[in-house]
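Okay, structure first, notes after.
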Amino acid sequence: MYKWLSVLSMVVAAQAAAEPVIIPAGEYKPAVLLDETVEVVVMPAFKLDAAPVTYAQYLEFVSENSKWQRDNIAAIFHDGNYLKSWPGNEQVPAEYEDKAVTQVSWFAARAYCDAQGGRLPTLDEWEYASNYYLQQQNLSDKAYAQMLFARNSNPTAYSKQHVDANIEHLEYMHNRVNEWVEDYQLLLTNGDDNDLLAGSCGDSARFMADFGDASYATFFRYQSRSNYRPQSTTSTLGFRCAYDMEK
Amino acid sequence: MKNIMFALSVIFLSSGVAVAQDHSQHNHHDHKNHTTFKAEPVNQEHSIYHLDGEWQAHTGESLTLANFQGKPVVVSMIYGSCTTACPVLVNDARRIFEALPEAYKREVKLVMISFDEDRDTPAALAEYAEKYNLGDDVWTFLHGEDTNIRALATLLGVRYRKRADGDFDHSNLVTVLDVHGRVVERVEGLNRPVDDAVKALVKIIDENHLLHH
């Protein structure tokens with residue numbers, strides 16, 4: 001397994017800086033089942049940004065796309081706090097250039113990724129990449145859970161940490177900000193037949209049977225997601241883009 | 001990769017205390033194959049016509065949603081190969097239309113948007129419209145790209161998911177948009193009373209003096 005991983009990391013390292021990394025095809029068992037009849041999800045390969053989008057990168061995007069600037073965004077695409085901490089339409093807060101951009105709604109994150117020729121990762125893609133990252137980093141379940149809980153206990157401090165936008169391997173998956181996914185709405189299930197989070201029968205049915213430290217921590221990420229609205233612009237929620245493999 | 005995932009699941013299995021009860025052995029007798037998602041609340045203050053994605057109508061015409069600006073619109077999201085809820089949703093839109101006073105009918109557009117980028121080509125939607133005998137002057141069926149479908153569904157509060165068999169789980173929702181593209185009325189469920197939607201349409205047409213144009 002590790003031999004195989006090291007070959008892969010060489011392939012990834014051979015790419016130019018700031019290129020998205022390839023997440024190889026495979027299977028994963030979600031900690032929360034979106035479909036109670038599907039316990040193993042088969043994933044095709046795709047590409048994912050190595051790091052979350054930074055303020056500097058987002059500034060470049062809004063400079064070229066004025067309708068996504070702080071004062072120009074259509075009201076229906078945010079909750080009133082979009083890029084609220086920016087001093088100006090084309091000015092990021094002092095010393096924030098290399099931090100993960102936050103206060104960005106789902107609509108804005110999608111527009112950014114679209115402008116890069118990409119898209120937001122699906123929920124499955126993000127979670128699968130998260131598993132892949134844990135393997136790549138050889139992180140124990142405990143270490144992973146501790147990382148997530150540390151962030152959750154002081155999310156704003158964590159979101160202010162430096163991001164190396166030129167990093168060549170998948171990074172910052174669990175210790176900077178939570179990240180938008182394309183189809184997070186699947187989790188907004190209050191009152192559904194198969195309720196995910198309200199403690200009904202259908203809810204708990206979608207926990208995996210093999211439930212340990214890691215899946216418990218992962219569950220908290222799902223729970224955070226279920227609180228977002230597409231217009232949400234919180235200071236602890238950023239994003240990175242995904243890309244299809246070339247055909 | 002399989003090996004990695006196997007290793008991962010071994011880690012899961014062997015790790016600490018189970019912190020949640022496993023109810024997977026419950027008998028979910030009332031869970032049907034298809035799930036109906038409850039619709040989400042939405043922003044009703046602002047126009048959904050800010051979405052700038054391109055759509056193809058069943059007539060072959062390319063358009064953006066802003067093309068419908070100036071008329072009230074009854075909109076629903078469906079997919080063509082759906083034989084259960086979707087024909088009912090189409091019929092619900094028709095029931096709203098039929099309940100309008102005669103003079104008001106020509107001021108209203110009925111727009112059905114497909115979830116299914118792959119199967120519901122404009123040609124397939126044209127066949128659908130023909131099969132259900134739905135005239136082009138009133139009805140528009142729209143084919144779009146997944147990314148635009150997702151954005152529109154989000155603004156309408158329609159939740160959906162493509163299933164492995166190619167079908168979709170989705171909310172059953174008929175929405176009335178005003179002349180600016182703002183959500184003014186939502187009818188959730190199937191075969192619901194149409195009175196409120198009809199009232200909303202008449203009000204929009206009256207307030208905008210559309211009959212006198």
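Residue numbers begin at 1 in each chain, while the letters A, B, ... track the order of the sequences. Hydrogens, waters and symmetry mates play no part in the numbers below; they use all other heavy atoms, side chains included. None of the values given here were measured: they were computed from a predicted structure.
With a 4.5 angstrom heavy-atom cutoff, A/Q231 touches chain B only via side-chain atoms. With a 4.5 angstrom heavy-atom cutoff, B/T147 touches chain A via backbone and side-chain atoms both.
Heavy-atom neighbours of B/K71 NZ from other residues, nucleotides or ligands within 6.0 Å: above the threshold of 12. Atom CD of B/E145 has 12 or fewer heavy atoms from other residues, nucleotides or ligands within 6.0 Å.
Note that the CZ atom of A/F107 and the CG atom of B/L155 stand 4.0 Å from one another [nearest 0.5 Å]. Note that CG of B/D52 is 3.5 Å distant from NZ of A/K67, once rounded to the nearest 0.5 Å.
Counting only heavy atoms from C-beta outward, the side chains of B/R150 and A/L120 never approach each other to under 4.5 Å.
Residue-level contacts of residues 68-81 of chain A with chain B, in order of numbering, are A/A74, A/A75, A/I76, A/F77; threshold 4.5 Å between heavy atoms.
Here the closest non-hydrogen pair linking A/R110 and B/A151 is NH1-CB, 3.3 Å.
Applying the side chain to side chain contact (heavy atoms under 4.5 Å, CB included) criterion to B/D118, with sequence neighbours excluded, gives B/D116, B/K162.
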